[in-house]
Amino acid sequence: MMERTFTSANFESEVLSSTVPVLVDFYADWCGPCKMMAPAVEQLAQELEGKAVVGKLNVDDNEDIAVKYQVMSIPTLIVFKDGQAVKKSVGLQSKDDVRKMVESV
C-alpha cells in the first residue's frame, strides 16, 4: 500500500472520518528535510497497513488545512484519531520515533 495524498478536497473523508489513526506528513516540494523524511513515511505506510493510514499533504497546495492545524514549519507530522489531531511533531524525526507516535494512539 502506498502512502496516500491528502488534499483540501479529501481531507475530511480520508483523515477526519477514518476509523483508524491517520498520520499526515505536512510537506512541500522545496523542503530539504521533508525530502529526507519521505522514505521513512513511505515505509511506515506499508508497515502500518491495516493499523493506520499514512499520507502526505502539500502545504503549498492546501494552505487552508496547514493553517487550520497551525503548521508553521515543515516537516510537521500530525496523528489524527477520531477526527482530532492527537499527536504532533515538528522537524526531522526517525522512523522509529514516528512509528511510536502512531502506535501510542
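- Counting heavy atoms from C-beta outward, Glu14 and Val22 have side chains that stay 4.5 Å or more apart.
- A heavy-atom distance below 4.5 Å is not found between the side chains of Leu23 and Lys87.
- Of the possible polar contacts, none joining the Ser18 side chain to the Pro21 backbone as a donor-acceptor pair under 3.5 Å is found.
- The main-chain N or O of Ile65 is never found under 3.5 Å from a side-chain atom of Asn62 such that the two would form a donor-acceptor pair.
- Here the CD atom belonging to Gln46 is positioned 7.5 Å from the CE atom belonging to Met2, to the nearest 0.5 angstrom.
- Residues meeting the side-chain contact (heavy atoms from CB on, under 4.5 Å) test with Gln93, sequence neighbours left out: Met37, Leu77, Ser89, Asp97, Val98.
- Using a 4.5 Å cut-off between side-chain heavy atoms of Ile, Leu, Val, Met, Phe, Trp and Tyr, with links allowed through other members, Val24 and Val67 fall into different hydrophobic clusters.
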Thr7 and Leu57: side-chain contact (heavy atoms from CB on, under 4.5 Å), yes or no, with the steps?
CA-CA 6 Å; Thr7 63; Leu57 182 128; 5.8 Å; no
Evaluate side-chain contact (heavy atoms from CB on, under 4.5 Å) for Thr76 paired with Lys88, printing each intermediate quantity in order.
CA-CA 7 Å; Thr76 290; Lys88 181 175 187 175; 3.8 Å; yes
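- Among residues two or more places apart in sequence or in another chain, the side-chain contact (heavy atoms from CB on, under 4.5 Å) test is passed with Gln43 by Glu47, Lys95.
- In terms of heavy atoms, Ala52 sits closest to Val102 at CB-CG1, 3.8 Å.
- Pairs engaging residues 81-105 under the ring-ring contact (aromatic ring centres under 6.0 Å, His included) rule: none recorded [sequence neighbours left out].
- With sequence neighbours excluded, no residue forms a salt bridge (Lys or Arg N to Asp or Glu O under 4.0 Å) with Lys100.
- Taking Lys56 as the reference, Asp25 meet the salt bridge (Lys or Arg N to Asp or Glu O under 4.0 Å) condition, with sequence neighbours excluded.
- Other residues sharing a hydrophobic cluster with Met72 under the 4.5 Å side-chain heavy-atom criterion for ILVMFWY residues do not exist; the residue is a singleton.
- Applying the salt bridge (Lys or Arg N to Asp or Glu O under 4.0 Å) definition to pairs two or more places apart or across chains, none involves residues 75-86.
- Within a 6.0 Å radius of CD in Glu63, other residues, nucleotides and ligands contribute 12 heavy atoms or fewer.
- Within the structure, every pair that satisfies the ring-ring contact (aromatic ring centres under 6.0 Å, His included) test and touches residues 11-70, not counting sequence neighbours, is listed here: Phe11-Tyr69, Phe11-Phe80, Tyr69-Phe80.
- Nearest heavy-atom pair across Val59 and Ala66 is CG1-CB, 3.9 Å.
- With sequence neighbours left out, the side chain to side chain donor-acceptor pair (under 3.5 Å) criterion links Glu12 to no other residue.
- Contacts classified as ring-ring contact (aromatic ring centres under 6.0 Å, His included) and involving residues 81-105 (residues at least two apart or in different chains) are not found.
- Distance check: Lys51 NZ to Leu44 CG gives 10.5 Å after rounding to the nearest 0.5 Å.
- A donor-acceptor pair shorter than 3.5 Å can be found between the side chains of Asp64 and Ser8.
- Applying the side-chain contact (heavy atoms from CB on, under 4.5 Å) rule to Ser73 yields the partners Val90; only residues at least two apart in sequence or on another chain are considered.
- The stretch residues 41-60 participates, sequence neighbours left out, in no ring-ring contact (aromatic ring centres under 6.0 Å, His included) pair at all.
- Enclosure of atom NZ in Lys35 by more than 12 non-hydrogen atoms of other residues, nucleotides or ligands within 6.0 angstrom is indicated.
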side-chain contact (heavy atoms from CB on, under 4.5 Å) for Ile78 and Val71? Distances and angles first, verdict last.
CA-CA 9 Å; Ile78 302 180; Val71 175; 4.3 Å; yes
